[in-house]
Student: 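Got a structure here, written out as structure tokens. Questions coming.
Convention: sequence-line order gives letters A, B, ...; per-chain numbering from 1. Note that the structure is a prediction, hence the values are computed from the model and not measured.
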There are 2 protein chains.
Amino acid sequence: MKASKIPAATITRLSIYSRALENLLTQGGAPVVSSKRLAELCGVNPAQIRKDLAYFGQFGVRGVGYYIKELLFDIRKILGLNKDWNLAIVGMGNLGCALVAHQNFAKQGYRFVCAFDADPNKIGHKLATGLEISPVQDLIEVCRETKAEIGVICTPPERAQEIANRFYQVPVSGILNFAPVQLQTCEGCKIENVDFTVKLDNLAYYLSMS
Amino acid sequence: MKASKIPAATITRLSIYSRALENLLTQGGAPVVSSKRLAELCGVNPAQIRKDLAYFGQFGVRGVGYYIKELLFDIRKILGLNKDWNLAIVGMGNLGCALVAHQNFAKQGYRFVCAFDADPNKIGHKLATGLEISPVQDLIEVCRETKAEIGVICTPPERAQEIANRFYQVPVSGILNFAPVQLQTCEGCKIENVDFTVKLDNLAYYLSMS
DNA sequence: CCTGCTATGTGCCCAGAATCACAATGGTAG
DNA sequence: CTACCATTGTGATTCTGGGCACATAGCAGG
Ligand SMILES: NC(=O)c1ccc[n+]([C@@H]2O[C@H](COP(=O)([O-])OP(=O)(O)OC[C@H]3O[C@@H](n4cnc5c(N)ncnc54)[C@H](O)[C@@H]3O)[C@@H](O)[C@H]2O)c1
Ligand SMILES: NC(=O)c1ccc[n+]([C@@H]2O[C@H](COP(=O)([O-])OP(=O)(O)OC[C@H]3O[C@@H](n4cnc5c(N)ncnc54)[C@H](O)[C@@H]3O)[C@@H](O)[C@H]2O)c1
């Protein structure tokens, strides 16, 4: 598939473009946007946008620009957001609960279909969304029942690998990992790490430079 | 300064190396580590590690490897983590509270010195750490009093720019932004975005490809 | 003291990504 | 119908970053 030829950075930017387009839509205004204007909103080079889109086809009208609504639809389709995705989350602590409570995910088509914790006090507890916390021992079984496709790890770092291994057995096809460890990968399962500390460290570096 | 010649990716990796080194330290074992072993732990190429470090000097012993404790110290110094950093946080909702409750930040020398919200019900409330939530109107004043250096934005996206503008006035020298918007930048203030949705979108793309 | 081994430090090369610049083209106005 | 304008789509160019491979240097053992 041509997928392999497309830079990862392009995919990340597509996601950012889609958010800017959503904002333009809700704000109303002209139904078209030029690559120049969109570039300003996203903080990138206009040619970059045109080239990113060119990987997937032709979406604009020369001399006019891009029809916002159509482009948004096309980008979401490229990103695979024209379907809902089922998420399983493990570790219902501070962060885990914040994620499940977050509205935007549902709006984008990401649904939490099961939640797990190891703490007996939490198991059985119902979250605001109606989701009930299951014991982590049942992870594989429940994930299969609920057809989870993406796993989200919010446990302490020393438990993360063990949870990942179980996800591999389900199997899920992707993992979003919030624990600050480098997970061992597994054929057929794509991992994305979200790491706040790394971002803070970056800031610290640049600030102590200047 | 030579800073500008160093790839941003290098700084990010340094942060990851430092975490791996911390793990090695607490686990005990040999006091030295080779670039090969460290590379395995971090999921990168050994030459990459040596090259990253070479930007800043010579830290290893040929034929032996790197002394873990010393290297960790040196990397933390490079990253500017040999001092504490004062953080100001705005928006004490689900995410904001999770961040303040998080132990790791304090361990790394990141201290929350003030917290703000617009909700009258939250103002005056004391967090577990003893930190009291201040009204967002007082942001500039309180940030100056508490010597905040880095701002953390956890408000809804439509409020984020307005908060950033106030941070610019303090001024803080860096902002960690969790709201899914592209903030307008300001000379002298470095911005880092943490964006979960983008990561999920990346997953969605790769999963719908294969 | 000398020899051999091992892992670092680094010059060189290659790949991929960002930017530039221009030709192609749809829309519009006269 | 024609000519002009604005903005896209894309080939060419530049630049940055990653990986290879080897020379270099410290250590250990005899
Ligand atoms: N909270 C933050 O702001 C923040 C920031 C950066 C990184 N993180 C990382 O995110 C993760 C979670 O952070 P948190 O603040 O929510 O921690 P937390 O302690 O509030 O929550 C951890 C949860 O995981 C559960 N758990 C522990 N072991 C488990 C297991 N084996 N199986 C299933 N569940 C288990 C615990 O019962 C608890 O509910 C940690 O790895 C942390 O380092 C958190
Ligand atoms: N919770 C998540 O998992 C998650 C994930 C991705 C992104 N985000 C983003 O992080 C931000 C916060 O998310 P959350 O889940 O904590 O939302 P939340 O609604 O729980 O909290 C938002 C808080 O901001 C406060 N606030 C609103 N306007 C304010 C203002 N002008 N000044 C100061 N405070 C103000 C509110 O009173 C509230 O306490 C949002 O931008 C959200 O999109 C959150």
Student: What is the distance, rounded to the nearest whole Å, between atom CD of Gln48(B) and atom C1' of dA15(C)?
Tutor: 14 Å

Student: Are Gln27(A) and Asn23(A) close enough that a side-chain donor and a side-chain acceptor fall under 3.5 Å?
Tutor: no

Student: Do Arg50(B) and dT8(C) share a donor-acceptor pair, side chain to base, under 3.5 Å?
Tutor: no

Student: Determine: side-chain N/O of Tyr66(A) to OP1/OP2 of dG9(D), distance under 4.0 Å, yes or no.
Tutor: yes

Student: Between the side-chain atoms of Lys51(A) and the base atoms of dT19(C), is any donor-acceptor pair under 3.5 Å?
Tutor: yes

Student: Within a strict 4.5 Å, meaning less than it, do heavy atoms of the Phe167(B) and Leu139(B) side chains meet?
Tutor: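 In short, these two side chains touch, coming nearer than 4.5 Å.
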
Student: Could you check how far CZ of Arg13(A) sits from C1' of dT19(C), rounded to whole Å?
Tutor: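 Rounding to the nearest Å, CZ of Arg13(A) and C1' of dT19(C) are 12 Å apart.
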
Student: At under 4.0 Å between heavy atoms, what does Lys36(B) touch on the DNA or RNA strands: base, sugar-phosphate, or nothing?
Tutor: nothing

Student: Quick one: Leu38(A) CG to dT7(D) P, roughly how many Å, whole number?
Tutor: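 From Leu38(A) CG to dT7(D) P: 14 Å.
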
Student: Please state how far atom CZ in Arg62(A) lies from atom P in dT25(C), giving the value in whole angstrom units.
Tutor: 6 Å

Student: Do the two ring centres, one from Phe178(B) and one from Phe196(A), sit under 6.0 Å apart?
Tutor: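 Yes, close enough.
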
Student: Using a heavy-atom cut-off of under 4.0 Å over every strand shown, decide if Arg37(B) touches base, sugar-phosphate, or nothing.
Tutor: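 No contact.
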
Student: Quick one: Phe56(B) CZ to dT8(C) C1', roughly how many Å, whole number?
Tutor: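 Answer to the nearest Å: 18 Å.
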
Student: Please determine whether a side-chain nitrogen of the Lys or Arg among Arg76(B) and Glu22(B) lies less than 4.0 Å from a carboxylate oxygen of the Asp or Glu.
Tutor: yes

Student: So which one's nearest nucleotide on DNA chain C is more toward 5', Ala8(A) or Ala54(B)?
Tutor: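 This one resolves to Ala54(B).
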
Student: Just compare dA21(C), dA21(D), dG26(C) and give me whichever is closest to any side-chain atom of Ala47(A).
Tutor: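 For the Ala47(A) side chain, the nearest candidate turns out to be dA21(C).
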
Student: Rounded to the nearest Å, what distance is computed from the CD1 atom of residue Ile11(B) to the C1' atom of nucleotide dG17(D)?
Tutor: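 Going from CD1 in Ile11(B) over to C1' in dG17(D) covers 14 Å.
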
Student: Report the distance from atom CD of Gln58(B) to atom P of dA7(C), rounded to the nearest whole Å.
Tutor: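 For the pair Gln58(B) CD and dA7(C) P, the rounded distance is 18 Å.
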
Student: Need one value for Ser35(A): base, sugar-phosphate or nothing, where a base atom within 4.0 Å counts as base even if backbone is also close, heavy atoms only.
Tutor: sugar-phosphate

Student: Would you check if Phe59(A) and Arg50(A) make a side-chain contact, meaning some heavy-atom pair closer than 4.5 Å?
Tutor: no

Student: Between dG27(C), dT10(D), dG9(C), which nucleotide gets closest to the side-chain atoms of Val64(A)?
Tutor: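 Output: dG27(C).
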
Student: What is the distance from NZ of Lys5(B) to P of dC15(D), rounded to the nearest Å?
Tutor: 12 Å

Student: Compare the minimum distances between each of dT10(C), dG19(D), dT10(D) and the side chain of Asn45(B), then state the nucleotide with the smallest one.
Tutor: dG19(D)

